[in-house]
Amino acid sequence: MTQDIVCRRLVGRTAVVTGAGSGIGLATAHRLASEGAHVVCGDIDAAAGTSAAESVGGTFVQVDVTDAAQVDALFRTAYETYGSVDIAFNNAGISPPDDDSILDTGLEAWKRVQEVNLTSVYLCCKAAIPYMREQGRGSIINTASFVARMGAATSQISYTASKGGVLAMSRELGVQFAREGIRVNALCPGPVNTPLLQELFAKDPERAARRLVHIPVGRFAEAEEIAAAVAFLASDDAAFVNATDFLVDGGISGAYVTPL
């Protein structure tokens with residue numbers, strides 16, 4: 001899946017990845033493993049998660065990230081299996097079609113996206129931090145989005161709000177626990193060529209195409225490019241990167257107009 005990686009910055013460390021069965025999560029599981037980490041793959045899809053874990057020589061835990069007991073079990077398994085919880089990549093999320101304009105999005109759709117995208121990050125951080133405090137070190141990377149920083153006329157109101165919440169929560173946790181050796185950052189990808197985006201193209205090509213025109217580099221990111229950013233944030237190379245939003249968006253948030 002990934003190119004040969006020469007970096008070995010994570011040897012002996014334990015990483016928990018949620019949403020590890022596909023997309024950014026799967027690419028990140030491969031990247032972290034290639035850098036020497038023990039990877040615990042969490043996913044609600046047993047087949048995809050098992051396949052991911054087998055492909056990286058890691059451990060699979062089936063988890064509904066909105067269930068506190070299951071999230072606790074995920075991190076406990078990581079600790080009991082490998083002896084530490086050094087990295088938490090809290091990445092699971094959804095972007096369903098019934099999350100649209102605020103005028104059209106129902107309350108149940110709103111709540112579901114908030115539960116999966118924001119409450120799950122709260123639960124994962126709550127589960128991971130006690131292990132990291134005991135160790136005196138740890139890196140938490142929470143998947144937000146460039147939409148946490150920008151508005152869009154093609155709205156996904158609950159998704160956008162949930163990612164803004166992830167960004168604010170990550171900043172606060174990074175400040176609160178910084179002197180205990182724990183870093184917390186929000187990863188803010190631009191549009192990524194994943195099954196979620198491909199599904200959007202299939203269902204609404206015009207809406208999807210409107211997104212591409214705003215990217216200065218002229219393409220969507222590949223999941224492996226986002227995984228490389230996660231690996232950096234997880235490593236000691238990012239030892240002074242904390243409580244911030246780490247944009248990997250191809251220049252979208254810096255653009256006024258894009259090249260013709």
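Being a predicted model, the structure only gives us computed values, none of them experimental.
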(request) Measure from the side-chain N and O atoms of S51 to the backbone N and O of A47, and report whether any donor-acceptor pair falls under 3.5 Å. (result) no
(message) When you measure from the side chain of E224 to the backbone of A27, do you find a donor-acceptor pair of N or O atoms at a distance under 3.5 Å?
(response) no
(message) Under 4.5 Å between side-chain heavy atoms, counting indirect links through other Ile/Leu/Val/Met/Phe/Trp/Tyr residues: same cluster for L118 and Y122 or not?
(response) yes
(message) Between N193 and R219, does the side chain to side chain contact (heavy atoms under 4.5 Å, CB included) criterion hold? Intermediate values first, please.
(response) CA-CA 9 Å; N193 184 22; R219 64 174 178 85; over 6 Å; no
(request) List the steps, then state whether side chain to side chain contact (heavy atoms under 4.5 Å, CB included) holds for T59 with C41. (result) CA-CA 6 Å; T59 299; C41 298; over 6 Å; no
(request) Determine whether V113 and V166 fall in the same hydrophobic cluster, where Ile, Leu, Val, Met, Phe, Trp and Tyr are linked whenever their side-chain heavy atoms lie under 4.5 Å apart. (result) no
(request) Would you mind telling me which of V116, D100, D99, L107 makes a side chain to side chain contact (heavy atoms under 4.5 Å, CB included) with S158? (result) D99
(message) Test your reading of the model: is there a side-chain donor-acceptor pair from D45 to the backbone of A48, 3.5 Å cut-off?
(response) yes
(message) I need the E108 CD to D98 CG distance, nearest 0.5 Å.
(response) 10.5 Å
(message) Working note: L187 + L233, criterion side chain to side chain contact (heavy atoms under 4.5 Å, CB included); need CA distance, chi angles, decisive distance, verdict.
(response) CA-CA 9 Å; L187 180 71; L233 291 172; 4.2 Å; yes
(request) Treating Ile, Leu, Val, Met, Phe, Trp and Tyr as nodes and any side-chain heavy-atom pair under 4.5 angstrom as an edge, say whether I226 and F146 lie in one connected cluster. (result) no
(request) Drop me the distance from L26's CG to T28's OG1, to the nearest 0.5 angstrom. (result) 8.5 Å
(message) Main chain of I141, side chain of N185: is a donor-acceptor contact present, judged purely on distance under 3.5 Å?
(response) no
(request) Establish, from distance only, whether the side-chain atoms of Q156 and S95 form a donor-acceptor pair under 3.5 Å. (result) yes
(message) Please check this pair: side chain of N117 against backbone of S162, looking for a donor-acceptor N/O pair closer than 3.5 Å.
(response) no
(request) Scan side-chain atoms only and decide if T258 and H214 contain a donor-acceptor pair under the 3.5 Å cut-off. (result) no
(message) So that I can tick it off, tell me whether R31 and E35 are bridged by a salt bridge, with the cut-off set at under 4.0 angstrom between side-chain N and carboxylate O.
(response) yes
(request) Please round to the nearest 0.5 Å and tell me the distance separating atom CG of D245 and atom SG of C188. (result) 5.0 Å
(request) From the options R9, R137, R13, select the one residue that forms a salt bridge (Lys or Arg N to Asp or Glu O under 4.0 Å) with D86. (result) R137
(message) Looking at K163 and T143, would you say the former's side chain and the latter's main chain have a donor-acceptor pair under 3.5 Å?
(response) yes
(request) Measure the acute angle between the ring planes of F246 and F232, then classify it against the limits of 30° and 60° as parallel, tilted or perpendicular. (result) tilted
